[in-house]
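One structure is given here, and the rest of the page talks about it.
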Amino acid sequence: MLQSEALQHLESKIAACTKCHELTQYREGCGYKTVPGAGNPNARIFFIGEAPGKNEAEQGFPFVGRAGNLLTNIIQAIGLTREEVFIANILKCRPPENRDPLPEESKNCQPYLALQIKVINPEWIVCLGRYAARFMLEKDPETPMRSMRGLHEKDGRKIICTYHPSYLLHNPSQKAEVVKDLEPLISVLRTERNGVQ
């Protein structure tokens, strides 16, 4: 598949990237891996988070551990599996102390994410958390999550912004809000499963 080959080539470029000196030193010093993303190269739905955590950097795989399990549950709740979607982060390396990505780091990683979106060509992008939402919607760094939640359209794609699974681990009462945010996508998938055009 052309998509698979293109993504594999991109993974190699990400693994060799040294644009962010601090992240490269931290990654190599800790023995961490780059985390390009994983999933279906033909996915209709692309989930985007902020940056890899410790578990992700150790395994080279996005959204593992407790937050990853919760994301898996969310994906299953809308009637899909992780193998049917694509999951990636804005940053492809773990920032020290799990700090927020710096603007220049995001800028350095932006071409990789843009290429992933171009190759996969998803219909839907789900932004997990305020950082991914601000990045994808090109919002000011101080824009609050509450003003970005819900459905947007950009470049012919539907973009849903909702809470990050890590936030939900500390605020489980907000899980119902995620269901509300995802309702447009859930509704489309439900209609398709029921065979209604």
Side-chain angles (χ1 to χ4, degrees), residues 2-28 32-53 56-57 60-63 67-68 71 85-145 147-167:
L2 290 176
Q3 286 98 330
S4 295
E5 292 172 6
L7 290 176
Q8 287 172 5
H9 178 67
L10 187 55
E11 284 181 20
S12 297
K13 290 184 70 173
I14 291 169
C17 182
T18 58
K19 290 179 184 176
C20 302
H21 183 68
E22 182 184 4
L23 295 189
T24 302
Q25 281 196 319
Y26 183 63
R27 181 181 79 219
E28 293 176 350
Y32 288 149
K33 300 175 182 178
T34 53
V35 186
N40 187 340
N42 299 294
R44 293 174 61 195
I45 305 163
F46 193 132
F47 287 83
I48 300 176
E50 177 179 319
E56 288 82 4
F61 196 77
F63 280 90
L71 177 58
V85 304
F86 197 89
I87 305 169
N89 287 297
I90 302 293
L91 289 196
K92 309 306 184 185
C93 295
R94 183 190 184 210
E97 307 300 324
N98 257 17
R99 63 160 170 72
D100 288 343
L102 301 177
E104 59 267 30
E105 293 168 351
S106 300
K107 184 178 179 181
N108 287 338
C109 264
Q110 183 176 9
Y112 298 134
L113 182 62
L115 270 172
Q116 287 176 316
I117 293 171
K118 181 178 180 180
V119 168
I120 295 166
N121 194 26
E123 295 174 34
W124 298 79
I125 293 176
V126 179
C127 296
L128 301 167
R130 69 186 188 279
Y131 195 86
R134 289 171 186 159
F135 186 83
M136 290 305 300
L137 298 179
E138 300 178 32
K139 295 290 187 180
D140 184 271
E142 301 305 315
T143 306
M145 186 66 204
S147 70
M148 297 183 287
R149 284 180 53 210
L151 180 64
H152 308 263
E153 293 213 13
K154 182 183 175 187
D155 300 329
R157 306 183 203 280
K158 294 178 174 61
I159 298 178
I160 292 178
C161 299
T162 192
Y163 294 119
H164 194 284
S166 293
Y167 174 82

* Is it true that a side-chain atom of N89 and a backbone atom of L91 form a donor plus acceptor pair closer than 3.5 Å? -> no

L7 versus I120: any side-chain heavy-atom pair under 4.5 Å?
yes

Taking every heavy atom of R27 against every heavy atom of C17, the minimum-distance pair comes out as NH2-O, 3.3 Å

Heavy-atom closest pair (A51 atom, P95 atom, distance to 0.1 Å) is CB-CD, 3.7 Å

For G129 and M145 the tightest heavy-atom approach is C-SD, 3.6 Å

Nearest heavy-atom contact between E50 and P101 is OE2-CD, 3.3 Å

Q: Indicate yes or no: at least one non-hydrogen side-chain atom of W124 is less than 4.5 angstrom from one of L151.
A: yes

* Q25 side chain to E22 main-chain N or O, any donor-acceptor pair under 3.5 Å? -> no

message = Donor-acceptor pair, distance only, cut-off 3.5 Å: does the side chain of D155 make one with the backbone of R157?
response = no

CG (L113) and CD1 (I48) are apart, to the nearest 0.5 Å, by 4.5 Å

CD1 (I87) and CG (N40) are apart, to the nearest 0.5 Å, by 11.0 Å

Problem set entry | Worked verdict on I117 versus M136 for side chain to side chain contact (heavy atoms under 4.5 Å, CB included) | CA-CA 11 Å; I117 293 171; M136 290 305 300; 3.8 Å; yes

> Any idea how F86 and F46 line up, ring-wise: parallel (<30°), tilted (30 to 60°), or perpendicular (>60°)?
Replying inline: tilted

*asked:* Can you confirm if the aromatic rings of H164 and F47 lie within a centre distance of less than 6.0 Å?
replied: no

- Item | R44 side chain reached by P122 side chain, heavy atoms, under 4.5 Å | no

For T143, is there any backbone N or O sitting under 3.5 Å from a side-chain donor or acceptor partner on S147? no

Note: A133 and C161 closest approach over all heavy atoms is CB-SG, 3.6 Å

**Prompt:** Judged by modelled atom types alone, do R94 and Y32 share a side-chain donor-acceptor pair under 3.5 Å?
**Reply:** yes

Under 3.5 Å: donor-acceptor pair, side chain of E28, backbone of L23: no

Here the gap from H152 atom NE2 to K154 atom NZ, rounded to the nearest 0.5 Å, amounts to 11.0 Å

Any side-chain heavy-atom pair of C127 and I159 under 4.5 Å: yes

Cationic tip of K19 within the cone over Y112's six-membered ring, i.e. under 6.0 Å and within 45° of the normal? yes

> Under 3.5 Å, side chain of R134 to main-chain N/O of P141, donor-acceptor pair present?
Replying inline: yes

Interatomic distance, CG@L128 vs OH@Y163, rounded to 0.5 Å, equals 13.0 Å

To the nearest 0.5 Å, atom CG of L137 lies from atom CZ of R130 at 14.5 Å

Of all heavy-atom pairs linking A88 and Q116, the shortest is CB-OE1, 3.9 Å

Side-chain touch I45/V126, heavy atoms, less than 4.5 angstrom: yes

d(E56 CD, F61 CZ) to nearest 0.5 Å is 10.0 Å

**Report entry** Step-by-step side chain to side chain contact (heavy atoms under 4.5 Å, CB included) determination, C93 to Y26
**Finding:** CA-CA 9 Å; C93 295; Y26 183 63; over 6 Å; no

